[in-house]
2 protein chains.
Amino acid sequence: MSVTIVDIAKQAGVSPSTVSRVISGHPKISPATVRKVKAIMEEMNYHPNVMAKSLVSKVTNTIGILLPRPAEELFLNLFFSEMIRGVVTQAARSSYDLLMATGTTEREEVDAITRLVRGRRVDGVILLYSRQADPVISFLKEEKFPFVLIGRNDEHPDILTVDNNNVQAAFDVTRHLIAQGHTRVGFVSGPPNLTVSRDRLEGYKLAMQQEKLPVHPEWIVEGDFLQESGYRAMSYIMNLPERPTALVVMDDLVAFGVLGGLTELGYKVPQDLCLAAFNNTPMSELTSPPISSVDIGIYQLGYTASQTLLRTVKGETVHQNRVLIPHRFIPRESSLHTIHK
Amino acid sequence: MSVTIVDIAKQAGVSPSTVSRVISGHPKISPATVRKVKAIMEEMNYHPNVMAKSLVSKVTNTIGILLPRPAEELFLNLFFSEMIRGVVTQAARSSYDLLMATGTTEREEVDAITRLVRGRRVDGVILLYSRQADPVISFLKEEKFPFVLIGRNDEHPDILTVDNNNVQAAFDVTRHLIAQGHTRVGFVSGPPNLTVSRDRLEGYKLAMQQEKLPVHPEWIVEGDFLQESGYRAMSYIMNLPERPTALVVMDDLVAFGVLGGLTELGYKVPQDLCLAAFNNTPMSELTSPPISSVDIGIYQLGYTASQTLLRTVKGETVHQNRVLIPHRFIPRESSLHTIHK
DNA sequence: TCAATTAGTACAAACGTTTGCATTTTCTTC
DNA sequence: GAAGAAAATGCAAACGTTTGTACTAATTGA
């Protein structure tokens, strides 16, 4: 059926091993043989069987990527597509393929990764975001399997990570609002088990403290990465007796939810409430008003993670195990409103 | 290093073949043996080597998915993430993994697919959208390799497809606008080599003709699936001496571009121009005004495609080779404005 | 001219499974 | 209790590569 290396060998009148060496560019095969074998491969339309190759060489030329767990939902956020795009692009550049793993529960996630790793299906793994107490990380570390985490995990300071300085980013955003005269600034956080949520919350608090502004616990609301949570946060915030005049929001899509709710209730942004968010997904400039957001270089995060992973997989030693991708705050209309005392 | 089937066999005092049969649930292995072997597998933390397994069984439990070519851009449209989500979810349900292939040129695309297919890396392939004269389709057909096309291709009426009735959908949208008194309806199309573009254009024309309305060629503008093209289309349309009062747009994101441009120029939607689009991506209800759109069941398309593919891969004969996913027009504010003569 | 190198190639084992067939063990039945 | 059938398991080949080692032929140096 399928043409194999021995078919080529027979046709060319050489041994299979010679053909194999031609393919892998072995130095001491005579130019004449190389030419002949290559011609025949071309002619017979030969393509190596990847499985057989991997079986003996222990290399798969594939990297695994663990999709966000509640795949049902987070996928709706452009954030992850953009990140995956970065990974795909870089991987393709080294002709690595990408294998997606997914699971709906933490258990299933570990199972999926286990299948990939123990089944020797991939050479390395990329984790798209960082939770505290992540069993996947523990597993990969235990197996000594190459992986890169996009994000950071305090329990494992030694692993390879690609991250932003989220504390600084949140600090910047908050200061931007304070600089316009806001003294009551609220914060819509992400799930508290995500490192990124904690970091940003910390940056926010730091900025408030530095400016000697009070941080009211009721101004801090927990959300996730979906629009609805923004809507909910909004209703809660706007019903507070002494409500904030500005809001820092963990993600654009959530800010969207806030914005939609406000518009629905007849509030004006930024006059009635200033809004600044993170991630700068393409939609943040499509709303009216456009939403101020921190560009964290999502694509870059994915791209760099893939690059770092491939380097370690290929045995190059990576000198710094924690790469930081720079962020940049992009002010837009949603946060441009000066408060006068 | 890695524990193999023979390690298990030794430990259990049986032959490797018995272990293999335990794994695959062979009927005539004694319950006692099954129990013992399973216990030892558990204890020794055994996971089968997927490569070795695939090499002999010729089955990979993996399906390939060809990402949209100008991956750089189309990925920015939530459309594809949503579709992939459908595919992933269904595939995971049958514990199939997903391998992503991509290429920046048509040539690279064919190469990528060839690698997957000839290298026996996947059991089947899903193509996310349909172009005319697609060499990938020709290749897969020639190889008699299982694949499912999301969309339709007139040159290959016999292949497995999952599609919408796009002619009907465009017909519905156009009629919706006409019903509100519009007589000058324009159309922002997609790339003309995509079947979906042609179908929708046809449906639009059909509706116009049925209502005895003129179809002015200058009211038909070509775009792609990105926001910018909407912006461009808008500038062109609004500068026409006799411009349309309503616009049917191939995709939400493009309609976004139109909307943004209009707002920028001080036009009001729907008063100055009515807008209706396709695909009903989550963002269509986030704009102001929200955009009327046809829900084509993107997730369903992906899910069903995966399901269909897995059926054929497993040898079940699929009785209908062309599955249609129902669509539903969702009117929103952007198209709700009645014209009085 | 002959030994010593070197260049080029072939042999065969290995990778970790699956599976058709042979073999052994256990169970029926008379 | 023996013969035959049925159930359970083992043997060995095969899948398509890679790679260490051995071999042959050509080249070199004295």
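In what follows, chains are A, B, ... by sequence order, proteins preceding strands, each numbered from 1.
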Among D:dT9, C:dT9, D:dT17, find the nucleotide with the atom closest to the side chain of A:Thr18.
C:dT9

Test for a donor-acceptor pair under 3.5 Å between the base of C:dC15 and the side chain of A:Ser57, counting only N and O atoms.
no

Could you work out which one of D:dT18, C:dT18, D:dG10 sits closest to the side chain of A:Ile5?
D:dT18

Go nucleotide by nucleotide along DNA chain D from the 5' end; which of B:Ser15 and A:Ser17 gets its closest nucleotide reached first?
B:Ser15

Atom-pair distance (CZ on B:Arg35; C1' on D:dA8), nearest Å
15 Å

Tell me: NZ of B:Lys28 to P of C:dG20, nearest whole Å?
12 Å

Residue A:Ser30, side-chain atoms from C-beta onward, closest of C:dG8, D:dT18, C:dA10
C:dG8

Atom-to-atom span, NZ of A:Lys10 to C1' of D:dG16 - whole angstrom:
13 Å

Quick one: does B:Arg21 reach the base of C:dG20 with a side-chain donor-acceptor pair under 3.5 Å?
yes

Is A:Asp123 paired with A:Lys314 through a side-chain N to carboxylate O contact shorter than 4.0 Å?
no

Kindly point out which of D:dT17, D:dG16, C:dT17 is positioned nearest to the side chain of B:Val56?
C:dT17

Between C:dT18 atom P and B:His26 atom NE2, what is the distance in whole Å?
13 Å

State which of D:dT17, D:dT18, C:dT17 makes the closest approach to the side chain of A:Ser20.
D:dT18

Test for a donor-acceptor pair under 3.5 Å between the base of D:dC15 and the side chain of A:Thr4, counting only N and O atoms.
no

Using a 4.5 Å cut-off on heavy atoms from C-beta on, say whether the side chain of A:Met83 contacts that of A:Tyr299.
no

